[in-house]
Amino acid sequence: MGHPPLEFSDCYSDSPDFRERLKCYENELEKTNKFLKDAIKDGNSVINTIKEYSLAVQKFSQTLQSFQFDFIGDTLTDDEMNIAESFREFAGLLQDVEEGRMMLVQNACDLLIKPLEKFRKEQIGVTKERRKKFEKESEKYYSQLDKHMNLSSKKKETQLQEADEQLDKERQTFYESSIEYVYQIQQVQDRKKFDVVEPVLAFLQSVLTLNNLTVEMTQDFLPYKQELQLSLQNTRNHFESTREEMEELMKRKKGSAQICIRHSQQATMEGYLYVQEKWALGVTWVKYYCKYFKDSKLFIMVPMEQKTGTKQTTSQLTLKSCVRRKTDSTDKRFCLDIETNERCSPVLLQAISEVNRKQWMEAMDGKEPVGLTLSLFTPSRVLELNDLGFKFVRKCINFVETKGHLSLSLSLSVFICPPLSVDPKCPADVDFNSTDMDIKTITSALKFYLRSLSEPLMTYNLHGELILAAKSENLDYRLGAVHSLVYKLPERNREMLELLIKHLVSVCSHSIENLMTVSNMGVIFGPTLMRAEEETVAAMLDIKFQNIVMEILIEDYSKVRHAPFISVSVTIQAKRSDRKDVHQKSKSLGSTNIQSKNIKQEIIS
């Protein structure tokens, strides 16, 4: 089980659970940093002396053997499993090398040491700077918040407004530093999968080719090297597609920094509240981290201030009612009263702002002395899966297959150009005979239409089941489950899916010329045909499994298309064989990786 994802929305609530999860990531960052130091030190030992080369290699292999990758999420893809076991494979190979038959690797510094040092400085170093900024802004904000809570409502309105504006400014600065730190620390967790493995792989290949190793050892390593490079490239593709989506989510969260009321097994509302408590010597306000579960009406208060000589424990109350407290009845602002089954008198709570109080009132169905007017959101216009949509898709496919297959010049850039303008009312009225129309424009418009549907083609209802199927380690079950779920789609969705997959199979059949492999096609159309109903970091991290679903649909199109609900047998050896055939027929894996790298940042545009 990997680390749970850090949601950007949790940065705003800044709960103790969020801080605890963040601490796990920080510990992993220190662990990775220490590992990189050891790897760099051990690599230099190999380069600097031939006499101690054998001992250095053995120690280096032990370092690799002891390191384990910690991944984000609950399930690994086949490629990630391959990467996770890569260091064990490397260590086993190094231990088999005979002593005294190695030569100094002349370019080992450029291949190994510099990339790892660059990763430490540019990735881990930046993350540590973000952490310092986050801690500084956190301390500054909560200090300002404590002062703000002690302001009397009897002060002048201008003074209160100035204080509110200053607190809002500090809160926004703290929230931005928090969300930037969360984004950066998760990026480092993902980037190390390939940024740390690839230099080691390059160094290992240099050791094998520049030294007196037997031909048999080199040939034995070559298939695994090619398979691992494919896994690294696929993982990089998944990372790029996820990163683009996550950046967009981060920007949207920055633009609307507010706590969202949830409707799930999680707390409906949570955050910091100040609670009035009466003592023998007077009244005091104590800060609690509170959670409210609407279904059970459970209200939980976790004390955040430990008083000397007083034992404070977590309180669990059952809500009866919630009423806003008028300002003229207390010298505190943003107050509300709640009645509970466990206490005979109402509990007076103070929210951290007026907006925050309204959110708590809404979550707890609170009563207002004056009625509130709730804002309504008008949904933006979206495209529908109707007859006009089918006509438009068929026109796009016919255009691509007529023009593209004649020249056999399709490329990955076909799917990343800006889309042409599509009228939501009549998408099929696009004039394909215009001189401005080319394959790139048409395919981008097709992708734009599919992504703009009011509900993704694979539907929200089946999204979770499809992701679970893709996460299965049993390949037979994986294919059978996806196969079965396809036939649960609405009839029009299934008809459109069959139309699209048939076209994608046709495009992939020319992968030698257009480099449009099944894996690349999955990266492009996974987020297009599938998406979660709620945009979260966890949903973004599942994009790689959406891509796997698309790979299954394309690779096994003929099986999925016919005979619904039967189990289909697929072996991992067959899949790997197919991938290697494509690899061997292309001009070179290096040229393919270079071309892919240049366009990865635009794949999801």
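Numbers here are sequence positions counted from 1.
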Side-chain ion pair, [X] and [Y], N-O less than 4.0 Å:
{"X": "Asp38", "Y": "Lys41", "answer": "no"}
{"X": "Arg243", "Y": "Glu247", "answer": "yes"}
{"X": "Lys544", "Y": "Asp190", "answer": "no"}
{"X": "Lys140", "Y": "Glu137", "answer": "no"}

Could you tell me the separation between the [atom1] atom of [X] and the [atom2] atom of [Y], rounded to the nearest 0.5 Å?
{"X": "Asp168", "Y": "Gln144", "atom1": "CG", "atom2": "CD", "result": "10.5 Å"}
{"X": "Leu76", "Y": "Asn82", "atom1": "CG", "atom2": "CG", "result": "11.5 Å"}
{"X": "Leu317", "Y": "Arg343", "atom1": "CG", "atom2": "CZ", "result": "5.0 Å"}
{"X": "Asp195", "Y": "Arg120", "atom1": "CG", "atom2": "CZ", "result": "14.5 Å"}
{"X": "Thr32", "Y": "Ile124", "atom1": "OG1", "atom2": "CD1", "result": "6.0 Å"}
{"X": "Ile338", "Y": "Lys320", "atom1": "CD1", "atom2": "NZ", "result": "11.5 Å"}

Check whether any side-chain heavy atom of [X] sits under 4.5 Å from a side-chain heavy atom of [Y], and report yes or no.
{"X": "Met458", "Y": "Leu553", "value": "yes"}
{"X": "Ile300", "Y": "Phe293", "value": "yes"}
{"X": "Pro303", "Y": "Thr314", "value": "yes"}
{"X": "Ser353", "Y": "Arg171", "value": "yes"}
{"X": "Gln186", "Y": "Pro5", "value": "yes"}
{"X": "Pro490", "Y": "Glu455", "value": "no"}
{"X": "Tyr274", "Y": "Lys332", "value": "no"}
{"X": "Arg333", "Y": "Leu160", "value": "yes"}

If we count only N and O atoms by modelled type, under 3.5 Å, do the side chains of [X] and [Y] hold a donor and an acceptor together?
{"X": "Glu170", "Y": "Gln166", "answer": "yes"}
{"X": "Tyr181", "Y": "Glu135", "answer": "no"}
{"X": "Gln172", "Y": "Glu176", "answer": "yes"}
{"X": "Glu80", "Y": "Thr235", "answer": "no"}

| Full working for side-chain contact (heavy atoms from CB on, under 4.5 Å) between Tyr292 and Leu319 | CA-CA 9 Å; Tyr292 177 65; Leu319 183 71; 3.4 Å; yes
| Can you say whether the rings of Phe334 and His148 are parallel (under 30°), tilted (30 to 60°) or perpendicular (over 60°)? |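 Ring orientation of Phe334 relative to His148: parallel.
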| request: Using the side-chain contact (heavy atoms from CB on, under 4.5 Å) rule, take Arg324 and Met361 through it: C-alpha gap first, then chi angles, then the decisive distance, then the call. | output: CA-CA 8 Å; Arg324 190 188 72 176; Met361 293 282 294; 3.7 Å; yes
Closest contact, heavy atoms only, [X] versus [Y]:
{"X": "Trp285", "Y": "Leu349", "answer": "CZ3-C, 4.4 Å"}
{"X": "Ile543", "Y": "Pro527", "answer": "CG2-CG, 3.7 Å"}
{"X": "Ile352", "Y": "Asn356", "answer": "N-OD1, 3.4 Å"}
{"X": "Pro456", "Y": "Asn493", "answer": "O-ND2, 4.2 Å"}
{"X": "Thr268", "Y": "Ala363", "answer": "CG2-CB, 4.3 Å"}
{"X": "Gly522", "Y": "Glu551", "answer": "CA-CG, 4.4 Å"}

Short side-chain to backbone donor-acceptor contact, [X] and [Y], under 3.5 Å:
{"X": "Glu7", "Y": "Val537", "answer": "yes"}
{"X": "Gln546", "Y": "Met530", "answer": "yes"}
{"X": "Thr242", "Y": "His238", "answer": "yes"}
{"X": "Ser143", "Y": "Glu139", "answer": "no"}
{"X": "Glu270", "Y": "Tyr289", "answer": "no"}
{"X": "Thr127", "Y": "Gln123", "answer": "yes"}
{"X": "Arg478", "Y": "Ser472", "answer": "yes"}
{"X": "Ser178", "Y": "Tyr175", "answer": "no"}
{"X": "Arg19", "Y": "Asp14", "answer": "no"}
{"X": "Ser152", "Y": "Lys155", "answer": "no"}

| All side chain to side chain donor-acceptor pair (under 3.5 Å) counterparts of Arg21, not counting sequence neighbours | Asp10
| query | Is it the case that more than 12 heavy atoms not belonging to Gln161 sit under 6.0 Å from its CD atom? | reply |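 Enclosed.
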| query | Would you find more than 12 non-hydrogen atoms of other residues, nucleotides or ligands less than 6.0 Å from Lys471 atom NZ? | reply | yes
| query | What residues form a side-chain contact (heavy atoms from CB on, under 4.5 Å) with Glu122, not counting sequence neighbours? | reply |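 Partners of Glu122 by the side-chain contact (heavy atoms from CB on, under 4.5 Å) criterion, ordered by chain and then number, come out as Lys118.
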| Step by step, would you call Phe67 with Val196 a side-chain contact (heavy atoms from CB on, under 4.5 Å)? | CA-CA 12 Å; Phe67 183 75; Val196 176; 6.0 Å; no
| task | Assess Lys287 against Tyr272: is NZ or CZ under 6.0 Å from the centre of the six-membered ring, and within 45 degrees of the ring's axis? | result | yes
| task | Give the intermediate values and the outcome of side-chain contact (heavy atoms from CB on, under 4.5 Å) for residues Met246 and Leu541. | result | CA-CA 9 Å; Met246 196 174 295; Leu541 294 175; 3.9 Å; yes
| task | Flag the pair Phe174 / Tyr142 as yes when their ring centroid distance falls below 6.0 Å, and as no otherwise. | result |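 Aromatic pair counts; centres sit under 6.0 Å.
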